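Beneath this line is the structure, given in structure tokens, with notes to follow.
In what follows, every chain begins at residue 1, and chains take the letters A, B, ... in the order their sequences are listed. On a predicted model such as this, the values are computed, not experimentally measured, just so you know.
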Amino acid sequence: MSYDFNKIEDKWQKYWAEQKTFQATNPPLEGELEGIALPKFYVLDMFPYPSGAGLHVGHPLGYIASDIYARYKRHKGFNVLHPMGYDSFGLPAEQYAIQTGQHPADTTKVNIEGGVDKEGKKIKGYRKQLDRMGFSFDWSRELRTSDPKCYKWTQWIFIQLFNSWYNKDSDKAEDIEALISIFSSDGNAGVNAVCDDDIPEFSATIWKQFSNKEQQEILLKYRLTYLAETEVNWCPDLGTVLANDEIVNGVSERGGHPVTRKKMTQWSMRITAYAQRLLDGLKTVDWPQPLKDTQANWIGRSEGATAEFKVLPLAPSEGGGTSRNSRITGDSSIIGILLERAKEMRKKPTKAEAKLWEGLRDKKTGLKFRRQHPIYKYIPDFVCLEKRLIIEIDGEIHQYQLDEDAERQLILEEKKGYHFLRFTNEQVLNDIDAVIDEISNKLKVLPSGEDLGGDFSNEEDIGDIDAVFVETQRNIENSGIPPSGARGISVFTTRPDTIFGVSFMVLAPEHELVSQITTPEQKTEVEAYVEATAKRSERERMADVKTISGAFTGAYAEHPFTKEPIPIWIGDYVLAGYGTGAVMSVPCGDQRDYDFAKYFKIPIPNIFEGIDISEEAFSDKDKTIITNSDFLNGLPYKKAVKRAIFELEKLGQGEGKINYRLRDAVFSRQRYWGEPFPVYYDADGMPQMLDKKFLPLELPEVDKYLPTETGDPPLGNAKAWYWLQYGDKGKVVTKEKFESSSPSGRLGGDLELNTMPGWAGSSQYFNRYMDPHNDDEIFSQEAINYWQDVDLYIGGSEHATGHLLYSRFWQKFMFDKGLVPKDEYAKKLINQGMITGTSAFVYRTFYFYGYAHDNNAKEGVLDFIRERPILISTNHHDLLENDEYVKDFNFINEWFVSELKREFEIDDVGGINFKKTTPLHVDVSLINSSDELDIEAFKNWRPEYKNAIFILDNGERYDSNTSLEGRPAGAFTVSREVEKMSKSKYNVVSPDEICDQYGADSLRLYEMFLGPLEQSKPWNTAGITGVHGFLKKLWKLYHSGSNGEFFVNDSPPSEGLGEDLRTLHKTIKKVEEDIENFSFNTSVSTFMICVNELTAQKCHSREILESLAILVSPYAPHIAEELWQKLGHNESISKVPFPKFEEKYLVESEKEYPISFNGKMRFTMKLSLDLSKEDIEAAVMAHEKTKQQLQGRTPKKVIVVPGKIVNIVG
RNA sequence: GCUCGAGUGGUGGAAUUGGUAGACACGUUGGACUUAAAAUCCAAUGGACAUUAGUCCGUACGGGUUCAAGUCCCGUCUCGAGUACCA
């Protein structure tokens, strides 16, 4: 009986489906026993996108590996969860919808389930393709992200994120209600949250006075998903924004379209809150190092310091100040103006202010203090309203405005009855206790007044605050004091140790201070530069790193230590989006600063001991010794950094800081085919979440999938896309219906037009698989507590900074909310390598012709030549490359010329130029295993080459004139090259073809046999005969009866020489080790060796062959099931215990010792393993070949490693 | 540029803590069977010289450690991946 793989595989695939063999059981209810004793094991493949192109042999590589592992774990007694589903929202379906008008849901369904789409395209379907390979997926748990039942929970998580904020004190996400109650009791001063950086400080009183809308606006700045105007990567050709990880080299990952920066109001995810935890978590998971590195790189943590550089006032001769746009606009409320001013100042507290605030906040003095709180016409540093005590810290800036300060103190003291205390920076920083004492003493002697907090409704004040505020602004401007730069330019640096090497500062052209500090003299130049950089696209800026450009603002900053003036420049090498958008430039220590300084002839002071910086900057931290740097002199890098930070903090002009490159993730896409947001906008335009009971909010039908005429996303085309709700009843309605509904008790408004990005649906799917049909919760606590996390996750490395980072973020969020027990969801992750294609090429030569011109009669020559392209085989092409062709194959030329002459009767034809060739991709299915082209099939495939002339390997000519009988026998060999597997390269091999021809078991074995799982390797169908031959041999081993009948005998294996048991146990040991180490390629070799040996031993022992069937079953499950059944079993092999390895069968008494001389192996010698070192040495020395090798010499030394080797030196 | 990974026959790749380099396959060549092909089986197959024994060279390149190095150390080159004015 021969090995009929098609029949066998079909049979068992049906059996598994019918018997639901691989359905995983969730923990049973109490009283039921089955399943509970089994330990769990969760094996997961990354969510595939079901594309219409179907699978090629590269796709299932990871699935085969995970399937082997899952099957192995079942044999090992685990309850294995091994699900599969589809990430079925996505761009390709939508692009196809735009092109053909078909609903993406329809095409997606066909892509998964197979069939014919409306265009008449035949699609096999992912599911059928997967089933054919014999995967042990639990299909009862299938998920499709585009299924409303599935995206219901994506929407639900979105709402959870919206209703959460990140508390830095507890270092986790917390409920937004908790934040609201803090605001109502204490305001936001004591809140340590990850939030937007432009939040004004407010007291509880002010919070309560905010309108609902104002409160909502403020809360948005804290929520973990928030709506904000952000700079996004806009891709006009795709009509959508892209995430950073969707952009490669400045163009879109899909399609390579240009991307520009644009400001848009978008939903964002506050992933930055988790930056540190995402970094820390990497240490706890067993993931590939390159993947971890990529993530760490993406998060981009850098340790350093902030430093504050004061902006110096402009010399009067320079005109002082620039005109600023007045911030006062007609429609802003007065509270708004003052709050804005206050928050702007609070944003940049000086070190001394921050320190004193620590001493005053939270009623530490027994009384409530506020900082930067508007009083009458001014904003003092601190105020205790109850005691009418104002505390001011006089920094350097104060020196420039003594008069104004004196004046306002007078006004406040005399007219408003306030008391003043003034301290200097030094007092606060050096002896905070004394300062606090003085304040406390002062408070004791002052009488109590009423709390005037938020008392802005006083009519009298409102009248003139506006005017006075403007006046104050003007005064500041006229005095030559830099306006909002008064508090200086903040920079982030990882090299605070080089602060004495600063010779200039550079701001990003987009920096908000640029327009404020630029002197009138420099204004034209600066504005021209800013405009020029704004025009350059991100791509241009990135591509053009070499060109140095910038402009001087005319302004100077003050060095915090030397107090020297430092020129302030702008330049586009400083990025607005990183750090503070400004740098302190240390040209001697940073190459970019160095180049900039050289270009603009800025001095380059050297602060490195014994280092020559005349040619380039010196950035080696380890060899650094600082000099010319005051208190840092002589210090090595690390000590200098510490000291510099210490000194900066002492001055109140800086502190140690950790910076991250990671940005918040934009979560809106202007697409149709994605999860709709469960969000409507109320009458105030504020976003509101739908109640859980209304989920899922289903994707509406639209006429077309393009943006609307007004530029809205495709959902803007939906006829009904308004939310209308009264009490417990809500539904999606048309605009008209909404507007005509009764406003009384009505909730609702227009629904969000954006949809969620591709990664939304894949960020918690692994947990949803644990309880996929639960309609009440995302998963039950019983399910998550049983399955816990993914034990083995296999997928491609291309998801490193997308899915794999975002899903970790969501998992940590879910962990914070107590919904999942693990804050990392995948213990072990493997990136399978890519299987590349082996493209085939023929070469087309080009030739010129030259004949007497002006000969119209010869019109047809050109066409004649065009219709006869010459294709040469690869060896001719190689000759060509070596310039050897023309002389060897000149006869082709001669023949062609004679053809021309015959046809057109012309004498002076030039000839063929063989030098110019272009490679042409040939479909790999037209190539046999010896790389020879099927020429007739090629001509059918490419009709434009039906008249082509083929030059065969042996130089013979094959063309359309050659009769079939008289055809040259030579072969036409193509050249092959490894490329990515792709339709356009005609090198795609489909798994279905392989299954037809060799069977799924062969495919599975071969994919594993190709090489290590993680490595990328080329596909070559020819090699599959090796593993296919192995399966036939395996089959034969069980069919050694007459006429190939099934035959095993029941005699105990030990009756023979025991060799078969040795072979078996050697195999068990190796295969077990290999699977545990994910070294699947070597275990296939091991099986081959095993079968070769057992065949040679003529093994028929049932005991041995039963074990072998189990060993093979994870790899080649169909044949294993069939053999298992033939061995007399009625149950599937899939859960039979794995054979137990027993050492005793491998114990040997003898060893074939390699005998080497000076490290070179010369011969081997069989010796007993019982021998002592001395015995071995004696035996070896006595050997004839040893004497021969030594030729009479006496060895200097003899190394004997018992059980290993003997080495004779001398 | 920086970070990481990898360089072994004609090809895919093996080689455990340093201990017989090239397992297992593909391909190639020769042979058996067959009218023939396919399938199957047998033999050879890193290179060079010798064609019997054998000798020399060989794991990207150059050094080093060691009785012994594909494996460890130093330096160089090439390829691949990620990232890129990240201060």
Give a yes or no on whether a donor-acceptor pair under 3.5 Å exists between the nucleobase atoms of B:U3, that is its base, and the side chain of A:K292.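 A donor-acceptor contact between them is absent.
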Under 3.5 Å for both donor-acceptor distances, Watson-Crick or wobble: does [N] have a partner, and if so which one?
N	result
B:A48	B:U55
B:G82	B:C2
B:U76	B:A60
B:U71	none
B:A43	B:U29
B:A21	none
B:U35	none

Rounded to whole Å, how long is the line connecting atom [atom1] of [X] with atom [atom2] of [N]?
X	N	atom1	atom2	value
A:Y998	B:C26	OH	C1'	12 Å
A:Y573	B:C86	OH	P	10 Å
A:K1033	B:C24	NZ	P	10 Å

Check whether the side chains of [X] and [Y] place a donor and an acceptor atom closer than 3.5 Å, and report yes or no.
X	Y	answer
A:T1082	A:D1074	yes
A:D664	A:T272	yes
A:D293	A:Q289	yes

Distance below 4.0 Å between A:T294 side-chain N/O and B:U83 OP1 or OP2: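 Negative; the distance criterion is not met.
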Quick one: is B:A81 close enough that its OP1 or OP2 comes under 4.0 Å of any side-chain N or O from A:N831?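 It does not, given that no N or O in the side chain of A:N831 lies less than 4.0 Å from OP1 or OP2 of B:A81.
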Which part of the nucleic acid, if any, lies within contact of A:S1156, taking any heavy atom under 4.0 Å across all strands shown: a base, the sugar-phosphate backbone alone, or nothing?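 Nothing, no heavy atom under 4.0 Å.
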Heavy atoms under 4.0 Å is the rule here; annotate nucleotides 54-68 of chain B 5' to 3' with B where the base is hit, S where only the sugar-phosphate is, and - elsewhere. -SS----------BS
For nucleotides 9-16 of chain B, give me one character per nucleotide, 5' to 3': B if any protein heavy atom sits under 4.0 Å from the base, S if the only such contacts are to the sugar-phosphate, - if neither. ---BSS--
Which nucleotide in the set [options] lies at the smallest distance from any side-chain heavy atom of [X]?
X	options	answer
A:D293	B:A25, B:C86, B:U3	B:U3
A:R661	B:C85, B:U20, B:C86	B:C86
A:K1032	B:U40, B:U3, B:A84	B:U40
A:D572	B:C85, B:A87, B:G19	B:C85

May I ask you to list the residues of residues 579-599 of chain A, by number, that have any heavy atom positioned under 4.0 Å from an atom of RNA chain B?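 Residues of residues 579-599 of chain A under 4.0 Å from RNA chain B: A:V583, A:R592.
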Using side chain to side chain contact (heavy atoms under 4.5 Å, CB included) as the criterion, list what pairs up with A:K1033, not counting sequence neighbours.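 In terms of side chain to side chain contact (heavy atoms under 4.5 Å, CB included), with neighbours along the sequence ignored, A:K1033 is linked to A:V1091, A:N1092.
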Can you tell me, in whole Å, how much space there is between the [atom1] of [N] and that of [M]?
N	M	atom1	answer
B:G58	B:G70	P	10 Å
B:G62	B:U52	C1'	39 Å
B:C67	B:U76	C1'	29 Å
B:A69	B:G64	P	12 Å
B:U66	B:C72	C1'	10 Å

Salt bridge (Lys or Arg N to Asp or Glu O under 4.0 Å) between A:E1177 and A:K1173, intermediate numbers included: CA-CA 6 Å; A:E1177 185 174 337; A:K1173 270 193 181 184; over 6 Å; no
Are the side chains of A:F1157 and A:N1207 in contact, using a 4.5 Å heavy-atom criterion?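 No, their side chains stay 4.5 Å or more apart.
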A:E1076: what forms a salt bridge (Lys or Arg N to Asp or Glu O under 4.0 Å) with it, not counting sequence neighbours?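 Salt bridge (Lys or Arg N to Asp or Glu O under 4.0 Å) list for A:E1076, sorted by chain: empty.
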Partners passing salt bridge (Lys or Arg N to Asp or Glu O under 4.0 Å) against A:E1093 (at least two apart in sequence or in another chain):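 A:E1093 satisfies salt bridge (Lys or Arg N to Asp or Glu O under 4.0 Å) with A:K1066 once adjacent residues are dropped.
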Given that A:V1027 and A:Y660 both sit by RNA chain B, which one's nearest nucleotide is further toward the 5' end?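 Taking each residue's closest nucleotide, the earlier one in sequence belongs to A:V1027.
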For A:F596 and A:Y573, take the angle between the two ring planes, folded into 0 to 90°, and tell me which bin it lands in: parallel under 30, tilted 30 to 60, perpendicular over 60.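 Judged by the thresholds at 30° and 60°, the geometry between A:F596 and A:Y573 is tilted.
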For A:K980, I'd like to know if atom NZ has over 12 heavy atoms of other residues, nucleotides or ligands within 6.0 Å.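 Count not over threshold, so no.
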Would you please test A:K1070 and A:E1072 for salt bridge (Lys or Arg N to Asp or Glu O under 4.0 Å) and show each step? CA-CA 5 Å; A:K1070 175 83 174 134; A:E1072 202 162 346; over 6 Å; no
When the ring centroid of A:H1039 is compared with that of A:Y3, is the distance short of 6.0 Å?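 Ring centroids of A:H1039 and A:Y3 are no less than 6.0 Å from each other.
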Is the ring centre of A:Y1006 less than 6.0 Å from the ring centre of A:W1019?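 Ring centres of A:W1019 and A:Y1006 closer than 6.0 Å.
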Specify the glycosidic conformation (syn or anti) of B:G18, with syn defined as within 90° of 0.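 Anti, since the glycosidic angle lies more than 90° from 0.
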